[in-house]
Each structure stands twice: as C-alpha cells, then as structure tokens.
Amino acid sequence: MKRTLISALVLLLAGWCNADAKCEDGSRLWLRLDTTNAVKAITGVKGTAMTELQTYWKGGPVTLKRQKGIANDGYTIKSQGKKTVIAAATDAGLLYGAYHLLRLQQTGQQTALLDISERPFFDLRILNHWDNPNGTCERGFAGKSIFLNPDPKRMKMYARANASIGINGTVLNNVNAKPEALSDESLKKAKGIADQLRPYGIRVYLSINFASPIRLGGLPTADPLNADVVNWWKKKVNDIYRLIPDFGGFLVKANSEGEPGPQDFGRSHADGANMLAGVLKPHNGVVMWRAFVYNPQSSDRANQAYEEFMPLDGQFADNVIIQVKNGPVDFQPREPYSPLFTAMKKTPMMVEFQITQEYLGAANHLVYLAPMWEEFFSFVKPAGLKAMAGVANIGDDTNWCGHHFAQSNWYAFGRQAWNPALTSEQIADEWLRQTFTGEELVRPMKQVMMDSREACVNYMMPLGLHHIFAGGHHYGPEPWYKPAGVRADWTPPYYHKADSIGLGFDRTVNGSANVKQYPDELCNIYNNINSCPENLLTWFHHVPWDFRMKSGRTFWDELCHKYDDGVKQTRRFLATWDAMKPYVDCKRFKEVQHKLRIQARDAEWWRDACLLYFQTFSKRPIPQDMDHPVHNLDEMMKFRIPITMYENPECGYTK
Ligand code: GCV
C-alpha cells in the first residue's frame, strides 16, 4: 500500500504519465503479447507456429493443417465451431497464418467466424542490413549491428518480429562489402545466424565484394570470364551451401561509388551478374544485382542508371534480379520513380526502399514512410516486380530503431511486401493498436503518422527540391555547400541550381532530357512546366521565381509557405503527442516527446537556412502572412551539428 502510494506520487511529480501503464522500453516492438502459457519450444517452422500459438493465443483450439493447392506461403484461416483451422501448403504458410490470428487478437478484432485467405504478393521480402564487420551500421541510427555478437534472445525477437510481418530473407552485411565477408570465420558466423533464423522461415543472404577472388583468394584477377575466377566462386559457393543449405544468394554493389565490379576487367554488369548466377543456380540461389550507379564525368546523375542498364535489358540470367532504388537519385524525401522500372521489360526487377532514414531526419524525426512507398506503387505496378528489399533501420538500441515510431517503418515494409495493396493508413492503424494501448491514441497519432512524410518534404525539400544536405552527412541543410575539389554531384548547387532567374534542375527535353526516360504520357506531363505535378516541379524544371502556382501565389511565395507549413506541422505533431500523455507509459512518452522537440527545432533550422539562402538569389521578401525566420543566414552557415549526432542520436543534442 505504502509502495503504491509512493509510486503514484512519483508519477504525479513526473507529470501525469499513464500511471497504470508499466513503463515500456520498446524492446517488444509490436509483439506486446501477454504470455498465456510458458511452453517448451517445438522445433521446425511448424513447431514455431505451434509454440507461438500455445504461448500467446487466448481463444479456442487451433489446428494447423498441411493442405496442397494454397499458393506459395499463403494460408487460410477458417472457424469451424469453436475450433480455428489454419491451413497452408508450407510450414512457413502455417507460421504466417498463426501470426495473422495473433494480430487479430492483439488489435482487438473479431476472432470467430473467420474465413480468411491470404498469400504473399512478392516471393522475396528481404531486409538489407548495411552492417559492417566492426559492428557499425552504415546509415544506421540505432546503435551497433545486432549481428556483431548475436545474442540468442535478441535474435529470437528479431526473427519473430520479421516472421510476424512476413519478411523471409535478410542480407547480413553492407553492400559496401569487405572481401572478408566470405572468409571461413565470417561464414561460420553467418551459419550461426542462419540456424537461429531458420525456424522462423527466414533465409540468410550475403553482400559480396566483386574483387574477392583477388583480395581473399589471392588470384591475379576477378574477371568474371576467367576460368580460375569462376572456379574460385564455385568452390566458395559450395562451401557456403555446406554450412547453410538454404542460403538465399548474393547481393552485389558493383562499379558503384568506388566498389569493384566487372567493368574493371572490361566486362559488363550482365557478364558479372550472370557468372555469379551460374554458380548459384545448382543450389537455387539468386543474385540481386544493384543498379545504383553514377559517375561524375557523365550526364545528369538521374539519367545514369537507365543509360547503363537499359542496353543490357534481356541479357541477364533468370536467377538474376536487378535491384533498383525507388527513385533515380538516392532515397530523397520525394523523388519520381526510377524510370528503369517501366523501361526494362525483359529483366526481372525488384525495388529497394530505405527503411533507415538516411535522408529523412535519421532516428530523430517521426516520419512514417509507408505513404512514400504507396506513392511509388501508384506509378510502378507491383505485378512487374519480383521482390521487395528494404534497407534496415535496426540496431542494438533497446528499442531496436532509435525512435519508437521508426519501428512502424520496419513493420510497414514487411506488410507492404506481403501485400502492396494495403493502404499506409491501414498499416498505421494496425501498428498503433499493437504497439500502444488504448483507442484514444490511435486516431490522433494515425493522423500524425499519415501527415509526417509530407511534413518532412515541406520543411526539408518541397516542390521537387532534392539533395541539399550538409556536406559530410545527410542530416541538416547546407544548400550553399560547394567546397573546392569536391565532385559536383556531391554538392547541393548541382541539384538546386539557384540563380537570379529561378530554382531547379532542367530535366526537360531542352535540359538533361531525363523526362524522355519515362513513358510518353508521363514524359509529356513532366516536360511541360504547366502540367508537371507541383510536388516535382524543381525536380524537372528550372522554375522562375515569379512562376504562377495553382494557389495563385508566385513560386517564391509558395516555396516560403511550404517551408513554413512544414515547421507548423511539426509543432502540431508535438502538441498532439503532448495530449497523449495520459494514454502512454512514462518512458515512451518522454522519449518520443524529446524526439518531437528535436524535430520541431530542426524543421525551423531547415526553413531558415534554405529560405534565407535562396533569398540571396530570388531577392524577394518573405511573405507577410507566415512566420518569419528566427535566425540569420550567417548564423545558419556557421552552425554545424556534430557528426556523432547524426550517427548516434542517442548521444544528445544541443543547439
Ligand atoms: C551503402 C548512398 C549512401 C551510401 C550507400 C549508397 C548505396 O550513397 O549515402 O551510404 O552505401 O547510397 O546505396 O550503395
């Protein structure tokens, strides 16, 4: 009694958090299921399904039934009186069915009279970890790699979380791969991880360094047409399959950003990919060959992947999948889709999304990414794609993703890979109901999530602006960054091209002609400044400052308003969250509040830096009917956040 009184008093002094809710640290992700029985784990994937149900299912008896004729890893769930029958052709299907049932229970939905039939849209639903052998994660903001010293408990949770949303593959290491990724020691480690993930239907893949035969094998060349090189790969692949019989295959970044590749030996991407595909084929392995290529000597960066890969259309082996980033440049807050998706008609392709927020506020900003991916699928029909990959935002932080709401992006990636027709709103609803408790929070926070991506676009790069980040990292604004000696396509002025006339990159037929890479209908729309969607205006056009926008404002005024809207949106997010205090446990409430405050301050920083800088070209006043910058340009140009802040937001933030 005394203790209850004391803790009530402590909570009161702490400021009205939900006193009934146990403090949560986010480590259980969206799987906050109460244990109904402590059971001994049963082996195998079907065993996992049974174990999960026995441990967490509160309803009547459930039967798991093997049944032919249900495609891929799909399943049916049917109520038969008090009994529920989950049927699938594969054990993985049974596991996904079990998680579906548990999701219904956890989201408070009807679990009687069920007649559900599901199948995954994409066969391969894969996380790409950009984890390095030393434990750092490239563009990771949630601590160290979970694979550095794989902790069995943590691995189990990772596997459960992935399986619960249908993810069935994981690439363990960075695409900027070290040759050592294929050393005996690394492969032994990969085997250990594969063994822990297998009971959850998850296969392991590895990123490889194309020069491995030289740097690891001691050969004089890595030419993909050289017999010794091919034999080296054959032997290596045989070694891998001896250790990991269900190994999935290789992910390759070749001749991109300094990584080695077949072009170093006068060969093409197709020569390189097909050689590896041939070696993997007898084992049913695949090659995911990335199309992220660009170099400073060539044309518009947005044109280059198309220019390099289109001539190879139809030349790839059938177990090669070309992995293309969703946009033609690099995971910006808004890009048009990469034109390769609609142009390459004879080549299996997959999309690479970035779950980690390299360019969207790292683990400091609440940005729900599903609307962005939904936007992509409104242009690129999922039926044309083989698979979906997502660059993971996972690290060894207690809450896995650095920001409690960043977990929703991992969740949404899995759900969209299972079914790209699910709306981002449905997914947000599901995620909120599982991750938090109480109806009161769902509606307002769903609205915040749904608005958050557009808000980020507004306060960072509205109206088609892109890549105007600070030099050295991708967190804050530095549209003026252009030091001597740095290659042009790594500096913001290359992208925004601000001058006395206007702002934006002319990609029309009179400019870099990037529009021509799109189907005719879209090309015509994008090419004309009057029909180009305003949210991509400066992506495709050099827009005069006085160009008349649909709102009736000049382009300059509209730009100012967009930045200001973004700032105001982040303040609203914070106010909405503040009002959630009674419905959230104290720990998560404070942690999210802290991050939202950072986001609101950063938004102001973005607005002031960008508008004050662009104003030096536009020479026009900031409109009266909006909040005016609170900083001055000199101050903004001197302000640099410490790099550790971007890489490890947990280390604190002072401004
Ligand atoms: C893994 C961008 C990122 C790099 C990343 C690269 C890629 O350039 O900044 O960190 O490298 O994309 O996707 O290969």
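One-based numbering, in listed order, for ligands and for the atoms of each. Quick caveat: nothing in here was measured; it's all calculated off a predicted structure.
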In terms of atom number and element, which parts of ligand 1 are under 4.0 angstrom from non-hydrogen atoms of [X]?
{"X": "Phe292", "result": "6 (C), 7 (C), 8 (O), 12 (O), 13 (O), 14 (O)"}
{"X": "Glu138", "result": "1 (C), 4 (C), 5 (C), 10 (O), 11 (O)"}
{"X": "His474", "result": "9 (O)"}

*Show your reasoning for whether salt bridge (Lys or Arg N to Asp or Glu O under 4.0 Å) applies to Asp506 and Lys497.*
CA-CA 9 Å; Asp506 182 358; Lys497 305 216 183 299; over 6 Å; no

*Would you check the N or O atoms of Asn174, main chain and side chain alike, for any that come under 3.5 Å of an N or O of ligand 1?*
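Not met; the criterion fails.
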
*asked:* Quick check: Arg290 and ligand 1, any N/O pair under 3.5 Å apart?
replied: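 There is such a contact, yes.
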
*Are Tyr563 and Asp608 close enough that a side-chain donor and a side-chain acceptor fall under 3.5 Å?*
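There is no such pair (donor and acceptor under 3.5 Å, judged by atom type) between the side chains of Tyr563 and Asp608.
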
*Is there a donor-acceptor contact under 3.5 Å from the side chain of Asn514 to the main chain of Phe540?*
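Side chain of Asn514 to backbone of Phe540: no pair is present.
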
Around [atom], find the nearest protein heavy atom and jot down its residue, atom name and distance.
{"atom": "atom 1 (C) of ligand 1", "result": "Asn176 ND2, 3.3 Å"}
{"atom": "atom 9 (O) of ligand 1", "result": "Glu358 OE2, 2.5 Å"}
{"atom": "atom 8 (O) of ligand 1", "result": "Glu257 OE2, 2.7 Å"}
{"atom": "atom 14 (O) of ligand 1", "result": "Lys253 NZ, 2.6 Å"}
{"atom": "atom 2 (C) of ligand 1", "result": "Asp330 OD2, 2.9 Å"}

*Pick one of side chain, backbone, both or neither for how Trp130 approaches ligand 1, counting any non-hydrogen atom pair under 4.0 Å.*
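Near ligand 1, Trp130 shows its side chain, while the N, CA, C and O stay back.
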
*asked:* Side chains of Met310 and Met344, heavy atoms from C-beta outward: is any pair under 4.5 Å?
replied: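 In short, these two side chains touch, coming nearer than 4.5 Å.
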
*asked:* Within this structure, what is the NZ-CZ distance for the pair Lys386 and Phe122, rounded to the nearest 0.5 Å?
replied: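 If I round to the nearest 0.5 Å, the distance is 12.0 Å.
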
*asked:* Under a 4.0 Å threshold between the charged nitrogen and the carboxylate oxygen, would Asp330 count as salt-bridged to Arg301?
replied: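 Salt bridge present between Arg301 and Asp330.
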
*Going by an N to O cut-off under 4.0 Å, is there a salt bridge joining Asp300 and Arg507?*
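Salt bridge flag = yes for Arg507 with Asp300.
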
*Given Gln323, Lys325, Glu352, which has its nearest heavy atom closest to atom 12 (O) of ligand 1?*
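Selected option, by shortest heavy-atom distance: Lys325.
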
*Phe353 vs Phe377 aromatic rings, parallel, tilted or perpendicular, using cut-offs 30° and 60°?*
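Phe353 and Phe377: perpendicular rings.
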
